[in-house]
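Order of listing sets the numbers, starting from 1, for every ligand and every atom in it.
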Amino acid sequence: MSYPRVEININKIKHNTSKLVTLCNEEDISVAGVTKVFCAYCDVVDAMIEGGVKFLADSRIENIKKYKDKEVPKLLLRLPMLSQVTEVVKYADISLNSEIETIKALSKEALNNNKKHKIILMIDLGDLREGILKEEEILKTVELITKLEGIKLIGLGTNLTCYGGIIPKEDNLSRLIDLKSSLENKYNLDLDIISGGNSSSLHLVKTKEIPKGINQLRLGESIILGRETAFGERLKDTYDDAFKLAVEIIEIKEKPSIPIGEIGMDAFGNKPTFEDKGIRKRALCGIGKQDIDVSDIIPDDKNISILGGSSDHLILDITDVDKNLKIGDKIYFKLTYGGILKAMTSEYVNKKTVR
Ligand SMILES: *Cc1c(COP(=O)(O)O)cnc(C)c1O
């Protein structure tokens, strides 16, 4: 298989998943494995299932469609688009919702197909991305939902640390539990799922401070990169290098560190600046900004530094590398969350699983 490519270690994903599933299970929390960062790549989905996730979740219906044959319940994370309700009812068992307009459309579509589509109502606890903020709107929405056929309200959910950077705490998450009991009493409901957020809620699980009653977390980054995302701390006994990027060298030359001639704009319309370090040995590699951002890749070899990139090229300074690198050699990088997202999305980057 040719390069560039992402090499995915399936054993490491399975290991990370099962560590986090065990941690969450101790607090009576089940895990929805979030598949969006790797575009629901089949072998990684399987590794999450083997690792013990109870749900599969993605923000894009196109990704959920890829695992339509898996037995695990499927959860659509991004609020459904009105233009996609047909696909949503067809491929997702559960969706996260906050708009009565959309819920009505889902109800109609489900009825037409003799289905019951399950929904989790999203509550905004202050991060100001999706969800209903005001108590009276929550009550009004739930009341309307209870009158709809084809739809079953199975729980409440929230999402934090995405837009506003708000950290999940005992006090904001407890509001979900309070709402659950008041809504259950008022409308005679069973709200079985209380979905308490994403990888940024994990620190509360670690310290056992997560409010009792939160019984689901939707975990992506923590499984893939072995870190919680409220403070960015590494999670004990997990891997952060299950996804690696390998790129191929196509030119090695010694060149000055300052371009020759009058400096105008680079390929992206910015005026670049340079530091004079004299003549340096540089490697040009076959990957570019179409596939990665140069700030999202971390060379395994600490002696390599990234000089920059254009749409299709990556330029590295290899002067200080001990090994004698040659044309055709491969350079390996660790990836950030954004790096995995972009490389997995690029059709120009091959994907290979290793064990
Ligand atoms: C992406 C997403 C998640 C997963 O977030 P991670 O930080 O990767 O764990 C959970 N819930 C929703 C609604 C999301 O969009």
Any salt bridge linking [X] with [Y]? Criterion: basic side-chain nitrogen under 4.0 Å from a carboxylate oxygen.
X	Y	value
Lys147	Glu143	yes
Asp320	Arg280	yes
Asp293	Lys342	yes

Is it the case that one hydrophobic cluster holds both Val37 and Val349, taking links as side-chain heavy atoms less than 4.5 Å apart, direct or via other members? yes

Listed once per pair and sorted, the ring pair (Phe, Tyr, Trp, His ring centres under 6.0 Å) pairs that draw on residues 191-210, sequence neighbours left out: His203-Phe231

Mind listing the N or O contacts between ligand 1 and protein, cut-off under 3.5 Å?
unit_1: ligand 1; atom_1: 8 (O); unit_2: Glu221; atom_2: N; d: 2.8
unit_1: ligand 1; atom_1: 9 (O); unit_2: Ser199; atom_2: N; d: 3.0
unit_1: ligand 1; atom_1: 9 (O); unit_2: Ser199; atom_2: OG; d: 2.5
unit_1: ligand 1; atom_1: 9 (O); unit_2: Gly220; atom_2: N; d: 2.8
unit_1: ligand 1; atom_1: 11 (N); unit_2: Asn159; atom_2: OD1; d: 3.4
unit_1: ligand 1; atom_1: 11 (N); unit_2: Arg218; atom_2: NE; d: 2.9
unit_1: ligand 1; atom_1: 11 (N); unit_2: Arg218; atom_2: NH2; d: 3.3
unit_1: ligand 1; atom_1: 15 (O); unit_2: Lys36; atom_2: NZ; d: 2.7
unit_1: ligand 1; atom_1: 15 (O); unit_2: Arg129; atom_2: NH2; d: 3.1

Can you tell me how far apart CD1 (Ile340) and CG (Leu335) are? Round to the nearest 0.5 Å. 5.5 Å

